[in-house]
Colleague: 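Mind looking over this structure? Questions follow.
In each ligand, atom 1 is the first atom listed, and ligand 1 is the first ligand listed. Hydrogens, waters and symmetry mates play no part in the numbers below; they use all other heavy atoms, side chains included. Numbers for residues simply follow the sequence, beginning at 1.
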Amino acid sequence: MPTRKAKRKRVRQTATARPPTPASNGAAKPWGGRFDAQTHELVEDYTSSVAEDGRLLPFDIMASVAHARMLGRQGIIMEPEAQRIVAGLHSVWEEFESGKRSLRPDLEDVHMNVEVRLAEKIGAVAGKLHTARSRNDQVATDFRLYVMDAAEETVSRLLELQSALLTLAETHRAVIIPGYTHLQRAQPVLLAHHLLAYVQMFRRDQGRIGLAAVEAANEMPLGSGALAGVPYPVDRASVADELGFLGISENSIDAVSDRDFVVDFIMGCALAMVHVSRLAEEIVLWSSGEFAFIRLPDAFATGSSIMPQKKNPDVAELARGRTGRVIGALTNILITLKGLPLAYNRDLQEDKRALFDAQDTLDETLEVLAAMLPRIEVDAARARKAATANYALATDYADYLVRKGVPFRSAHEAVGKLVREAEERGVADLRRLSLDDLRRFAPEFDEDARAIDLMSSLRSRDAPGGTAPRRVAAALRQERRRVEAQLGAVNRRYEE
Ligand code: ARG
């Protein structure tokens, strides 16, 4: 093992081992014309985005193909030249895609890699591809295509998670749990109703990522050049059309510097993770000895290296923990953008690292949770007992009085006193009090007050959106239908 000191020495050596680079072929870089000296290796490492932006490769090729075709159509380059470029791009794609060749970090980024390899294959004509284009509008175009594609993948994972929540809810559709406010037992609800609350959250996330972020990304920057527009008769609309963009950007300066779509996407990821985290927190709580409403499947829990009896909810804990990372990515992109003058600045290269990390973290988390949820076991008896404890039916006694004509505030007051009396007498459940006891607090209590129980409580909350079993059953059916239809649509698009 290298000691800390040795490590530090090694680092220093690397930093100084290379001589200040002598003047030589700066021209090896596609932009090397005005440079005398080669880029220092440290600078090459520091500025290279090849480690990350390889993911843009298919979109870079796609956009270049569409651009080259348009250049040919418009007579900006000759048709045969355009054809050679397009054929060359296809073979560059095949080489990289099959793994025969990998991206060279010394070539700065994925765009340079494609261009340099294209030139190696088809010669000087490759240099015509970059006519009427800059890396600034190119990378913005590639990244928008990437984000629209990524959104589709994430949406399908959000749908899978909703499907898993629905499966868990459907399997345990009769289970009653205490609903909480302030983490105090409040009113009984169906477990399915509680789980459907998460389905709503993830449905909204689907909209933020699959609609809002995609809408923000759905404008093509290509044709904006470095920042000022391009001095060629380009046909931007036809390129946008070929690439599947809804339209073209309206202002060249905005087009090369706008990363709002990145913010929207990461924002969607961050909020989805916040929802995941709330669910994870409940899984942690509910699987604890204190609650013990659920048992985690062995395959999704871990043991302790010292305490043999333990079964830990690590997946939920890590999902909760990784939420911080995605919120961090959102902060990262917002801070990157806040100080930037128009138009392109190299800082913008950092947008990809933030987005990829947010996307990966969310996607992996959604996948593992979707696998785990349907396998969770539920202790219905334990949950039911908790649902009746702590006078959780008190509101139902007040609502009973209201139905007998008592104003709600007075009913609330009377039942409050009733609860205090029960507590003082050590009676844990209002149903164990006699009718005479009840009447001492409100004369409106009658024989039918005996019918107040968990089921009557649930059934009475029958207004739309409530926990009444028939409402919940209808909500389960409706959400199941929606999720299946949307998953079907996503899968059909994949197959296209
Ligand atoms: N790798 C760069 C990025 O991701 C591409 C654009 C570079 N443009 C430039 N003018 N250096 O932002």
Side-chain angles (χ1 to χ4, degrees), residues 26-35 37-40 42-64 67 89 92 96 102-119 127 129-150 217 219-230 249 252-263 265-266 329 332-360:
K29 301 271 193 227
W31 41 253
R34 57 102 63 225
F35 285 78
Q38 241 174 9
T39 317
H40 194 289
L42 282 176
V43 175
E44 226 148 52
D45 289 350
Y46 193 71
T47 57
S48 173
S49 58
V50 169
E52 291 104 44
D53 66 12
R55 296 192 194 201
L56 297 184
L57 183 70
F59 306 101
D60 194 68
I61 301 269
M62 226 184 275
S64 289
H67 181 68
L89 284 167
V92 170
F96 283 122
S102 41
L103 297 171
R104 280 170 49 189
D106 60 310
L107 288 178
E108 207 175 310
D109 58 25
V110 64
H111 323 289
M112 290 302 192
N113 265 276
V114 171
E115 204 179 314
V116 167
R117 188 60 195 145
L118 184 67
L129 171 60
H130 216 53
T131 315
R133 186 176 83 170
S134 144
R135 258 190 304 160
N136 299 349
D137 57 353
Q138 186 182 356
V139 69
T141 302
D142 294 1
F143 203 23
R144 283 166 182 266
L145 289 169
Y146 178 89
V147 164
M148 291 194 279
D149 189 71
E219 267 177 21
M220 189 196 69
L222 215 54
S224 302
L227 80 163
V230 294
S249 55
S252 59
I253 297 177
D254 179 47
V256 293
S257 54
D258 169 40
R259 294 294 185 275
D260 292 358
F261 66 101
V262 181
V263 174
F265 185 88
I266 299 179
N332 178 345
I333 184 67
L334 289 171
I335 292 179
T336 301
L337 294 175
K338 77 176 266 295
L340 293 188
L342 297 177
Y344 179 85
N345 299 273
R346 193 64 181 268
D347 316 44
L348 289 174
Q349 180 166 292
E350 295 300 302
D351 60 356
K352 288 175 273 307
R353 220 189 262 256
L355 187 135
F356 295 155
D357 193 49
Q359 176 202 0
D360 291 349

Colleague: Which heavy atom of the protein is the closest neighbour of atom 7 (C) of ligand 1, given with residue, atom name and distance?
Modeller: Y344 OH, 3.5 Å
Colleague: How close does the nearest protein non-hydrogen atom get to atom 2 (C) of ligand 1, and which residue and atom is it?
Modeller: Q349 OE1, 3.3 Å
Colleague: Got the closest protein heavy atom to atom 5 (C) of ligand 1, with its distance?
Modeller: D109 OD2, 3.4 Å
Colleague: For atom 4 (O) of ligand 1, what is the closest protein heavy atom, and at what distance to 0.1 Å?
Modeller: K352 NZ, 2.6 Å
Colleague: To the nearest 0.5 Å, tell me how far R135 CZ sits from Y344 OH.
Modeller: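 The OH atom of Y344 is 7.0 Å from CZ of R135, to the nearest 0.5 Å.
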Colleague: Could you check atom 11 (N) of ligand 1 against the protein and tell me its nearest heavy-atom contact, residue, atom and distance included?
Modeller: R135 NH2, 3.6 Å
Colleague: Relative to F356, does R55 satisfy both conditions: NZ or CZ under 6.0 angstrom from the six-membered ring centre, and within 45 degrees of the ring's axis?
Modeller: yes
Colleague: Considering the heavy atoms of S49, write down every atom of ligand 1 situated less than 4.0 Å from one of them.
Modeller: 1 (N)
Colleague: Can you establish whether the number of heavy atoms outside R34 located under 6.0 Å from its atom CZ is more than 12?
Modeller: no
Colleague: Does D258 pair with R144 as a salt bridge, N-O distance under 4.0 Å?
Modeller: yes
Colleague: For atom 10 (N) of ligand 1, what is the nearest protein heavy atom, given as residue, atom name and distance?
Modeller: N136 OD1, 3.1 Å
Colleague: Regarding K352 and D53, does a basic nitrogen lie under 4.0 Å from an acidic carboxylate oxygen?
Modeller: no
Colleague: Using side-chain contact (heavy atoms from CB on, under 4.5 Å), reason through W31 and M112 one step at a time and then give a plain yes or no.
Modeller: CA-CA 10 Å; W31 41 253; M112 290 302 192; 3.2 Å; yes
